[in-house]
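Notes follow once the structure below has been shown.
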Amino acid sequence: MNQTKQARITYRKSKTASKRLERMISDIIFKHVKDLVFIMKVEHDKQFRYLFANENGLLHAGMSTRDIGKTIEEVLPSCLANRLQKQYLKAAKTGKEVVFQDEVRLENDQQVLGETLLTPIKEVNGDVQYIVAVTRDITENFKEKHRLIESEQRYRSLVDHNLDAVFSIDLKGKILDVNPAAQMLTGYTVKQLKSKKIFSLICETDLQSFNEVLSETKVGNAKESLDCRFMHRQGQYLTVHLKTIPILIHSEITGMYVIIRDLTEQAESTELIKYMAFHDQLTGLRNRRALLDHLDDLVKRKQRSSYEFALLFLDIDRFKYLNDTLGHLVGDQILKQVAERLIDIQKEKCTVYRQGGDEFIIVLEDTDRQGAGEFAQKVLSRFNESFYFNSQEYYITPSIGISLFPNDGKDSETLIKSADEALYSVKEKGKAHYQFYRADMNSTGVNVITLEAHLRKAIERRELELYYQPQVNLITNEISSFEALLRWNNSELGFISPAEFIPLAEDTGLIIPIGNWVIDRACRQIKEWTEKTGKPIRIAVNISPKQFLQLDLVRIIKNAIDLYGIDPSMLEIEITEGAMQDTKETIPILKKLKDLGITISVDDFGTGYSSLSYLKKFPIDVLKIDQSFIRDIKFNGKDAAIITTIIHLGKSLGMEVIAEGVEEQSQVDFLTDAHCEKAQGFFFARPLSAEEAEVKFINKALISQ
Ligand code: C2E
Ligand code: MG
Ligand code: MG
């Protein structure tokens, strides 16, 4: 064999071998490829005939090898055949690849989603002769994609609707994504935030700890930081709770989530709760708890160095009475306005507290006795100006008791107690003053509880007695009326002043039985003295505010008048101005009392109530000018003017005017000149027992008859 022949044989052999190899390869491909492969012959009448289908193709399409050579319409159910026909036609017509997705329900009822690529094979003249269809089952792919979309959506709604701000940042702190809450929290738009690094939003002082949190997160640990301060766009700081979570993708940390919860409101309410615990709600002043804390501090300081401070215990004079008569709303107003005045005086090293009720405490640091006295004087003078409530003018004064640390007490409790005792003594002596604590005070002060226990038994033990102070006619010098003043002489405690026990009687309600007893005794005395002298003798009894509002006061008075058969006009009731406030009850009560025919007088006139309009409205017979005006007649032109005015006013309204607390001739002279009708006071006589009064005045009246 020549070389050429040999080569040809070799070539032919190798060609046959390579063809066999090709067939084997394509067999393998068609058999093992998972896709469905169909080769279709395109016929002139645009029919598509199966030329080849791989095993998977036959299986999925429900075909057998016998179907090879048949057209689509012959093999497949008509609706599927139509759908496919359309796609094949498109590929045949355009000569271009066609891709379509198709859902097929398999015999086992399984739904399969396939993606088919039709590739036209053209002849030289460009006619499409074959179409190769490769269909891939994309059901799983599709499901996976759906799962991804769904989980992305879930993630988004979790993040987007989260009330906490969520920032997604890269490892360098650059903000990559944020949720709407983050925009709200920062005040920036998404775009603005995405151009920032997270550090620019953290308060400078908290940056170091924030960086530490981030470093920990970068190595895979979720971290938390409480009380971090975050900056809002408008500059204010927000107190936030911050949490960082590493973002782990394919075992690699690519960034972090920073989740931020705004705790500003919570922090504010914690602040508020703290504030409320140490402040009084009504006045805004610090409260007793704050006081005790402060005192403890000061007392401890003393252990280190010598240190003096003063404690001023203030109590508003007649507060209870004002509160009862004007109502609690006005009572609150009084406390608020008093607090405002005290705050005005507050200076460095001076703190005002509301101890409770109408009691205030001022702690004055770094001071001695003289300094504390001067300060107390300053406080008192701050109350020279009148107060206004419901456009009415009132004069309100405090009484002040002072204790000094460490002399009057080495701990807060003793200091407060000492100041309270000093205060008590001011109240006893006539209020509106200040006094320092003295060691002998606590031996004289009687415990209120003991006092109350004794007072309860005072009537049955016959310890009460009425004293009588005459009221002198300044023109005739005659005496035709008396004021009955209650006296209590206790077997154990001795003589107790009405200024001390009347307020207690009011507080405990004992004023009602005591008051009724007074009415009874006074009526009996009227009867006795009127009968003795044959002249009408009028006796005035004091009616306290609580008694005045007592429902059966009218009935009790009427019973007493009837019992003793006296002329009702001979019984006078003294009611203080405040008790006569223009309340709904006042007019009907006064009218009913007036209907009984008794005499009604206004006690302590000029001190409590500034409106004079009520004088016209109420059935009043007598005005009693308060002793405070009389006291300073000589020195105080204003007082003198007030007295003259009251006298004129009373007279013009047809009332009798009585001046109280007359102690000197000069006062008598002034009052006589001013045409005051009557006067009462030590100058003429102190309050006397019935027997003494009888000897001094009643019998005298009998003689002068
Ligand atoms: P009040 O009704 O204003 O009585 C006048 C007070 O002034 C009496 O004090 C009287 O002793 C005192 N006084 C009289 N003349 C003078 C004077 O020239 N100078 C001075 N400095 N004082 C004088 P008292 O008896 O201590 O009574 C104090 C208050 O106690 C009375 O003030 C009255 O509000 C109340 N009170 C007394 N008795 C009764 C009572 O039976 N029932 C009620 N509810 N209160 C009473
Ligand atoms: Mg009186
Ligand atoms: Mg009086």
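Counting convention: from 1, in listed order, for ligands and their atoms alike.
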Protein heavy-atom partner closest to atom 35 (C) of ligand 1 - residue, atom, separation in Å: I502 CG1, 4.3 Å
Basic-acidic side-chain contact under 4.0 Å: K558, D562: yes
Partner of V518 under side-chain contact (heavy atoms from CB on, under 4.5 Å), chosen from I543, L485, V541, I511: V541
Structural part of T576 in contact with ligand 1, heavy atom criterion under 4.0 angstrom: neither
Which segment of D604 sits under 4.0 Å of ligand 1 when only heavy atoms are counted: side chain
Side-chain heavy-atom pair V338, I316 within 4.5 angstrom cut-off: yes
For E574, the ligand 1 atoms whose distance to one of its heavy atoms is below 4.0 Å: 2 (O)
Any protein heavy atom nearer than 4.0 Å to atom 32 (O) of ligand 1: no
Location of contacts on V518 toward ligand 1, heavy atoms closer than 4.0 Å: side chain
Atom 11 (O) of ligand 1 [closest protein heavy-atom partner, distance rounded to 0.1 Å]: P687 CG, 3.4 Å
Pair Y468 + W529: ring centers closer than 6.0 Å: yes
Protein contact for atom 29 (C) of ligand 1 (heavy atom, distance under 4.0 Å): no
G515 near ligand 1 by a heavy-atom separation under 4.0 Å: no
Salt-bridge present (R631, E663; N to O < 4.0 Å): no
Heavy atom of V541, distance to ligand 1 below 4.0 Å: no
Under-4.0 Å salt bridge between R456 and E452: yes
Of all N/O/S atoms in E483, the name of the one nearest the Mg ion (ligand 2): OE2
Test of proximity, F682 against ligand 1: N or O pairs below 3.5 Å: yes
Residue part near ligand 1, for Q469, under 4.0 Å between non-hydrogen atoms: side chain
I600 side chain reached by V622 side chain, heavy atoms, under 4.5 Å: no
Protein contact for atom 9 (O) of ligand 1 (heavy atom, distance under 4.0 Å): no
Metal proximity, E574 vs the Mg ion (ligand 3), N/O/S cut-off 2.8 Å: no
Apex the Mg ion (ligand 3) - arms OD1 from D604 and OE1 from E660 - angle rounded to 10°: 100°
The Mg ion (ligand 3) - name of the N/O/S atom of D603 that sits closest to it: OD1
Presence of salt bridge, D358 and K320, under 4.0 angstrom: no
Electrostatic pair R354-E359, nearest N-O below 4.0 angstrom: no
Ring pair (Phe, Tyr, Trp, His ring centres under 6.0 Å) partner of Y394, chosen from F383, F387, F389: F389
Proximity flag R631 to ligand 1, non-hydrogen atoms under 4.0 Å: no
R686 to ligand 1, any heavy atom closer than 4.0 Å: no
Salt bridge present between E413 and K417 (N-O < 4.0 angstrom): no
Polar proximity ligand 1 side, Q680 side, N/O cut 3.5 Å exclusive: no
Nearest-neighbour protein heavy atom for atom 21 (N) of ligand 1, which is reported as residue plus atom name and distance: E663 OE2, 3.1 Å
Stacked cation flag R524 on Y564, 6.0 angstrom / 45 deg: no
Protein heavy-atom partner closest to atom 5 (C) of ligand 1 - residue, atom, separation in Å: E660 OE2, 3.6 Å
Atom 37 (C) of ligand 1 [closest protein heavy-atom partner, distance rounded to 0.1 Å]: L485 CD2, 3.7 Å
Heavy-atom nearest neighbour in the protein, as seen from atom 6 (C) of ligand 1, with distance rounded to 0.1 Å: Q627 NE2, 3.6 Å
Carboxylate-amine/guanidinium proximity below 4.0 Å for K624 and E660: yes
Residue from I361, V379, I402 passing side-chain contact (heavy atoms from CB on, under 4.5 Å) with L314: V379
Nearest protein heavy atom with distance in Å, relative to atom 34 (O) of ligand 1: N542 OD1, 4.4 Å
Test: D621 and K594 ion pair at under 4.0 Å: yes
Short side-chain to backbone donor-acceptor contact, S381 and K378, under 3.5 Å: yes
Ligand 1 to L486 polar contact by distance, N or O atoms, under 3.5 Å: yes
For atom 24 (P) of ligand 1, the protein heavy atom that lies nearest, with its residue and separation: P498 CG, 3.7 Å
